[in-house]
Amino acid sequence: MARIVQKFGGTSVADVERIRNVARQVKAEVDRGNEVAVVVSAMAGTTNQLVDWCNQFGALHDRREYDVVVATGEQVTIGLLAMALQELGQKARSWTGWQLPVRTDNAFAKARVKAIDTAGIEEGFKRGEVAVVPGFQGLAPDNRITTLGRGGSDTSAVALAAALKADRCDIYTDVDGVYTTDPRIVAKARKLDKITYEEMLEMASLGAKVLQTRSVELAMNHRVRVQVRSSFTDVPGTLVVDEDEIVEQAIVSGIAYARDEAKVTLAQVPDKPGVAAAIFGPLADAQVNVDMIVQNVSRDGKTTDMTFTVPAVDLERAVAVLEKARASLGFSGLQADKNVAKISVIGVGMRSHAGVAQSMFRTLAEKGINIEVITTSEIKISVLIAAEYTELAVRALHTAYGLDAA
Ligand code: ASP
Ligand code: MG
């Protein structure tokens with residue numbers, strides 16, 4: 001007997017017929033002799049609608065009440081799925097995030113899970129009952145309702161799998177696994193059988209929207225075996241696992257892209273100690289996350305150009321903060337550009353192979369694509385390019401690293 005957490009996303013529970021389909025898949029897992037807890041999202045589109053209603057009260061509405069509103073989508077689907085299971089003769093009950101409870105911190109609208117009390121679910125397992133749990137929902141220390149941020153149901157599922165010491169956490173979604181790159185722009189993208197936690201973490205945070213980044217962090221920290229698979233087909237999905245489980249490790253496992261960053265260039269910043277701190281301090285204070293940074297060699301030895309990226313949604317705030325500090329920072333010009341894309345090559349294999357970055361640069365050069373900023377880590381190389389070359393760059397790199405399907 002195994003213990004399994006299954007998670008179904010919004011498109012898998014989009015209407016009653018699909019919820020019945022989910023119930024059949026849950027029951028099949030129980031019939032194989034397993035203990036099952038199911039985590040569900042709200043019906044597709046529901047959370048967007050709820051968020052939209054809240055936003056009609058302006059950007060400064062009470063985040064506690066926002067969570068009260070947006071957490072409701074998942075309460076509908078847990079009740080309906082429990083009914084659908086009962087219709088099949090399968091014992092089941094729903095638990096809201098505050099009944100279990102799922103304890104979180106008090107960062108309303110983007111709370112982090114602290115602990116999950118699984119006693120009720122474990123009791124239910126003894127009675128042969130399936131536990132139906134809402135994704136996204138939590139309870140703050142002061143007992144107010146929280147939510148885990150958009151896409152947070154993935155994190156709920158992994159956190160529950162960790163708390164239940166489940167053998168596996170199956171994430172059922174509308175794609176049938178993790179691909180070497182986005183199949184919508186590269187027809188020859190391949191589905192990966194396995195991917196390491198570290199690579200998945202990079203893929204998720206660099207733009208592949210299969211799993212919420214935080215869910216991968218959590219899976220890695222608690223060594224939860226995650227499988228990404230489709231709820232509409234029966235083919236095996238992608239397993240997210242430890243590096244030593246992968247026998248033949250490719251040098252590069254995937255290419256990710258993100259178009260949600262913007263580039264800022266400050267011209268002629270005085271080149272003296274403390275200037276980076278003076279620029280990035282106020283941005284951090286304004287909750288703007290700076291990602292890639294380059295500082296150009298100064299020609300005259302007195303000034304330097306500083307280029308960096310920020311999330312596009314924060315660009316206006318970043319520019320306002322910098323303009324306000326213009327006199328004290330002493331730069332001569334500020335340029336902002338939203339038409340950029342970050343392209344990343346990811347693979348744990350590059351730790352032990354030289355020349356991976358060089359082939360990226362050569363490939364882009366051959367296509368006449370200019371690289372504006374470069375950053376690297378042990379297992380990834382990212383470059384910033386003009387947004388219009390995104391598809392061209394991703395396709396060329398996919399071929400260059402031998403990732404194309406035969
Ligand atoms: N329903 C929430 C959302 O749409 C949580 C989730 O589905 O992951 O963001
Ligand atoms: Mg999702």
Side-chain angles (χ1 to χ4, degrees), residues 5-15 18-19 22 37-55 63 65-81 94-98 100 102 104 107-113 116 132-139 145-161 169-179 182-184 200-201 203-219 224 226-232 237-238 240 256 258 260 313:
V5 172
Q6 296 180 301
K7 182 257 169 176
F8 293 87
T11 47
S12 308
V13 295
D15 56 41
R18 289 190 182 182
I19 290 175
V22 166
V38 198
V39 175
V40 284
S41 289
M43 289 181 180
T46 298
T47 311
N48 287 346
Q49 170 70 78
L50 297 168
V51 169
D52 180 58
W53 283 332
C54 294
N55 285 341
R63 313 257 273 180
E65 301 305 345
Y66 166 94
D67 277 349
V68 169
V69 175
V70 301
T72 58
E74 274 75 6
Q75 185 157 335
V76 174
T77 48
I78 53 168
L80 292 174
L81 180 56
S94 65
W95 298 88
T96 63
W98 34 98
L100 283 170
V102 175
T104 70
F108 294 93
K110 50 168 195 277
R112 276 179 182 272
V113 178
I116 302 181
V132 186
V133 178
F136 202 41
Q137 298 185 349
L139 193 63
I145 291 174
T146 54
T147 61
L148 309 186
R150 297 308 305 272
S153 291
D154 296 334
T155 300
S156 305
V158 173
L160 185 61
C169 181
D170 286 344
I171 308 269
Y172 288 82
T173 175
D174 48 5
V175 294
D176 59 2
V178 181
Y179 279 74
D182 185 347
R184 285 170 305 186
M200 192 63 226
L201 197 55
M203 297 271 252
S205 60
L206 293 172
K209 302 223 169 351
V210 197
L211 292 175
Q212 197 197 33
T213 305
R214 213 178 259 179
S215 72
V216 187
E217 261 165 33
L218 207 61
V224 176
V226 172
Q227 182 180 201
V228 178
R229 53 178 305 176
S230 163
S231 58
F232 303 109
T238 302
V240 189
D260 50 7
V313 289

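Scope of the values below: all heavy atoms of this structure, side chains included, with no hydrogens, waters or symmetry mates. In each ligand, atom 1 is the first atom listed, and ligand 1 is the first ligand listed.
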Asker: Please write down residue, atom name and distance for the protein heavy atom closest to atom 9 (O) of ligand 1.
Answerer: Arg150 NE, 2.7 Å
Asker: Identify the protein heavy atom lying closest to atom 7 (O) of ligand 1, giving its residue, its atom name and the separation to 0.1 Å.
Answerer: Ser41 OG, 2.8 Å
Asker: Which residue supplies the protein heavy atom nearest to atom 6 (C) of ligand 1, what is that atom called, and how far is it?
Answerer: Ser153 OG, 3.2 Å
Asker: Among Val224, Leu148, Asp154, exactly one meets side chain to side chain contact (heavy atoms under 4.5 Å, CB included) together with Ser215. Which residue is that?
Answerer: Asp154
Asker: Say whether Glu74 and ligand 1 are in contact under the criterion: heavy-atom distance to a ligand atom below 4.0 Å.
Answerer: yes
Asker: Taking only non-hydrogen atoms of Gly135, do any sit less than 4.0 angstrom from ligand 1?
Answerer: no
Asker: If you apply the rule side-chain contact (heavy atoms from CB on, under 4.5 Å), what do you find for Gln6 with Val39, and how did you get there?
Answerer: CA-CA 6 Å; Gln6 296 180 301; Val39 175; over 6 Å; no
Asker: Scan side-chain atoms only and decide if Gln227 and Asp170 contain a donor-acceptor pair under the 3.5 Å cut-off.
Answerer: yes
Asker: Assess the residue pair Thr155 and Phe136 against the criterion (side-chain contact (heavy atoms from CB on, under 4.5 Å)); give the C-alpha distance rounded to whole Å, side-chain angles, the decisive distance to 0.1 Å, and a yes or no.
Answerer: CA-CA 8 Å; Thr155 300; Phe136 202 41; over 6 Å; no
Asker: Under 3.5 Å between any N/O of Phe136 and any N/O of ligand 1: does that happen in this structure?
Answerer: no
Asker: Side chains of Thr147 and Asp67 only: does a donor on one sit below 3.5 Å from an acceptor on the other?
Answerer: yes
Asker: What verdict does the salt bridge (Lys or Arg N to Asp or Glu O under 4.0 Å) test give for Asp176 and Arg229, after you've listed the backbone C-alpha separation in whole Å, the side-chain angles of each residue and the deciding distance to 0.1 Å?
Answerer: CA-CA 5 Å; Asp176 59 2; Arg229 53 178 305 176; over 6 Å; no
Asker: So is Gly152 close enough to ligand 1, meaning a heavy atom under 4.0 angstrom away?
Answerer: yes
